[in-house]
4 protein chains.
Amino acid sequence: MTAAVRAATVAALTEHGWNGLAVEDVAARAGVNKTTIYRRWGGREALVADLLLAAADQGTALPDTGTLRGDLAAFTRQVRDALVAPANRALLSTLAAGGPDSSLAELGRGYWAARFARARPMVERAVDRGELAAGVDADALIVRVVGPVWFGVFGPGTAVDDAFVEGCVEIVLAGTAATGRR
Amino acid sequence: MTAAVRAATVAALTEHGWNGLAVEDVAARAGVNKTTIYRRWGGREALVADLLLAAADQGTALPDTGTLRGDLAAFTRQVRDALVAPANRALLSTLAAGGPDSSLAELGRGYWAARFARARPMVERAVDRGELAAGVDADALIVRVVGPVWFGVFGPGTAVDDAFVEGCVEIVLAGTAATGRR
Amino acid sequence: MTAAVRAATVAALTEHGWNGLAVEDVAARAGVNKTTIYRRWGGREALVADLLLAAADQGTALPDTGTLRGDLAAFTRQVRDALVAPANRALLSTLAAGGPDSSLAELGRGYWAARFARARPMVERAVDRGELAAGVDADALIVRVVGPVWFGVFGPGTAVDDAFVEGCVEIVLAGTAATGRR
Amino acid sequence: MTAAVRAATVAALTEHGWNGLAVEDVAARAGVNKTTIYRRWGGREALVADLLLAAADQGTALPDTGTLRGDLAAFTRQVRDALVAPANRALLSTLAAGGPDSSLAELGRGYWAARFARARPMVERAVDRGELAAGVDADALIVRVVGPVWFGVFGPGTAVDDAFVEGCVEIVLAGTAATGRR
DNA sequence: GGGTAACCGAGACGGTACGTCCCGTCTTGAA
DNA sequence: TTCAAGACGGGACGTACCGTCTCGGTTACCC
């Protein structure tokens, strides 16, 4: 049943977005009674929270190519692929749909903390290999690389192809080396 | 009356986000009848569209410091300031709240087209000054600079202070020069 | 619309009794939206209250045969006929369905006050004619005559035929005269 | 446990009436699981049926004063006292709450049959003593005496004091003797 | 300067979804 | 075997907003 509700939530979220996500609709799609969802999850937000937790837990394997450049390129492509998938798009755009004090925002903080914790080893390995100076701000580096992809997808709708993604990686690496910024 | 409705929409949007934006609430705040809003605007989305058009039209003046670095730094700081303002935050996060085929998405495309058209002269001036090679993709450059700021605010909630903003500018400029990427 | 809702309420009440009277059912029968009933009436009790008010207002004409015996007999037969009609049965049994402090009870007090006020002239005319001593308690007299009919119908289900009704009248008249009780 | 459930049913019935009598509420009050009530009784109606059976079985002792007048007066006072007790009021008003074809009605028929069977010897003794003609309709006599009390309590809310009760008895006795009606 | 058209306030309505309460059924595990 | 514990499908509750409609009253414009 849990799986059916999750699948139904994804489907409904993909079709109608965070607005238009109706508990009754999810219940009907999942072949489950509305009350059951309120009992076991507790509302629209909890349904999405459940999806996010599942997504943050499993996710894709962190790439390990041997070089920071290769890792970042593969990782950013993973992110790009995830963002353009309609199901994930709807899920992630939900995170930005609430004000900073909403319960969705709290949800988002947890999600992002888990997400960055999973990606951080990639940078730490590069430090161990001597590719980056010790003390580099791993999170800021990731934000700088992933940010343009994220913005391109959710903002102006830029075509985020492989060339763009690799450009993000190379520019940040070169720029970081040149400016010495962390 | 138009002004009152706009102000009420901003207030309601800031308080409750795109969800929770109720036409009746806006009407009550503005001291206007619900019917009038449906007549003159046409629904929740149209209220937000009106705000976005107004925002895209006026906005802040494009900085002109004489150097690309200075322009981009000032511009990105403007963007940062705009994003952290609650009213704008709610307004802009609304754009990402719909699926790619929703009417909100169409709205977003228009908004971003106008926004980038307003910012593009900044890059073109740099080309004229010889700071950038002719044929550089102005939009991609802007996305690369602004993206991390946007992502930091709407995503993990990174502290986007002046140092971070200037880092975005310098890294992209240095990286672009080093890699020759457009 | 008001008429349709009233008719639907009577039908639903007759079929399922006070319990089982569902607002949604009434709305569906009347071809009206549920919300409209909540707006214009305000719930199950209000629907019944509306029926009672209508019933108390119109009702049947008070008999005027020229003698107290004839009046009471005709009146009690009217009451009997009303009680055995399924629609009225359900409506009136509703009055007894709540505790003495429920809102139904308050409703009942108003109904009975109106009902007795309408019947009282019958007794007063008899006093004017000299058939009854001045100062007789009209309400108590009516209760004594009507009570067995009411109880017979709502209680043990006694066969309340014309003979029984007329017996109620004659016994009370004779007994009242013999004992001098008011 | 049976006793606890019965007590809880009486309490709940007194507080909230037949409507508002929730099995879950009774179970919680009795410290018993909901399922148990459904197994051992079988629903709301069965709970009330159980109470009625118990009430019909035990009840108060039938008065035996030596005269019909004394017996009827004592009996009717007992009835009056029972009716005004909130617990009994709620229980008995339940009987009238259903349509004539409901299962509550069937329940009521059984209850009244038992009740009248218990009271009938009072009249039969009077016949044996010669106070009443043989062949008098005992049930009708009881209905005539008790009816006004019942109606006064459940209907208009008449003050049913001892004087009223005794009036009912005397008038019916005198009237019956005068008219010769059974 | 008076008709007329446009606009607004007011409010009722059909409708969807909300989140809750209680129903009656079922399964599982402990006594 | 009986009961406690608790999940579930289900029906109705009463509420909030949605978007539409009709009705009057004002304003303003144009003949």
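Sequence lines set the chain letters: A, B, ... in the order given, protein chains first and strands last, and positions in each chain run from 1.
Atom CZ in C/Arg40 sits 9.5 Å away from atom CG in C/Asp50 (nearest 0.5 Å).
Proximity of D/Arg40 to the phosphate of F/dC3: a side-chain N or O atom is located under 4.0 Å from OP1 or OP2. The side chain of A/Thr36 places an N or O atom within less than 4.0 Å of a non-bridging phosphate oxygen (OP1 or OP2) of F/dG9.
Nearest nucleotide to the A/Thr35 side chain, out of F/dG10, E/dC23, F/dG19: F/dG10. If you check F/dA4, F/dC17, E/dC18 against the side chain of D/Met1, the one that comes closest is F/dA4. The side chain of C/Asn33 sits closest to E/dT16 out of F/dA5, F/dC8, E/dT16. Taking the side chain of C/Lys34 as heavy atoms from C-beta on, and the options E/dG19, F/dC3, F/dG14, the nearest nucleotide is F/dG14.
Between the CD1 atom of C/Ile37 and the C1' atom of F/dC13 there is a distance of 13 Å, rounded to whole Å. One can place CD of C/Glu24 at 14 Å from P of E/dA17, the figure rounded to the nearest angstrom. Look at OH on A/Tyr38: it is 18 Å from C1' on F/dA7, rounded to the nearest Å. To the nearest angstrom, P of F/dC18 lies 15 Å from CH2 of B/Trp41. One interatomic measurement links the two molecules: NE2 of A/His16 to P of E/dA17, which rounds to 9 Å at whole-angstrom precision. Atom CZ in A/Arg44 sits roughly 14 Å away from atom C1' in E/dT16 (whole-Å rounding).
Geometrically, D/Arg44 engages D/Trp18 in a cation-pi contact, judged by NZ or CZ lying under 6.0 Å from the ring centre and within 45° of the ring axis.
Neither side chain, B/Arg29 nor B/Thr9, offers a donor N or O lying under 3.5 Å from an acceptor on the other. No donor-acceptor contact under 3.5 angstrom links the side chains of C/Thr14 and C/Arg89, judged on distance only.
Between C/Trp150 and C/Trp112, the ring-plane angle classifies as perpendicular under the 30° and 60° cut-offs.
A residue-by-residue look at A/Val32 and C/Gly43 shows that A/Val32 has its nearest nucleotide of DNA chain F further toward the 5' end. The 5' end of DNA chain E is approached more closely, in terms of each residue's nearest nucleotide, by A/Ala22 than by the other of A/Ala22 and D/Asp25.
For A/Arg39 against F/dG6, a side-chain-to-base donor-acceptor contact under 3.5 Å is absent.
Nucleic acid contact class of B/Leu21 (heavy atoms, under 4.0 Å, all strands): sugar-phosphate only.
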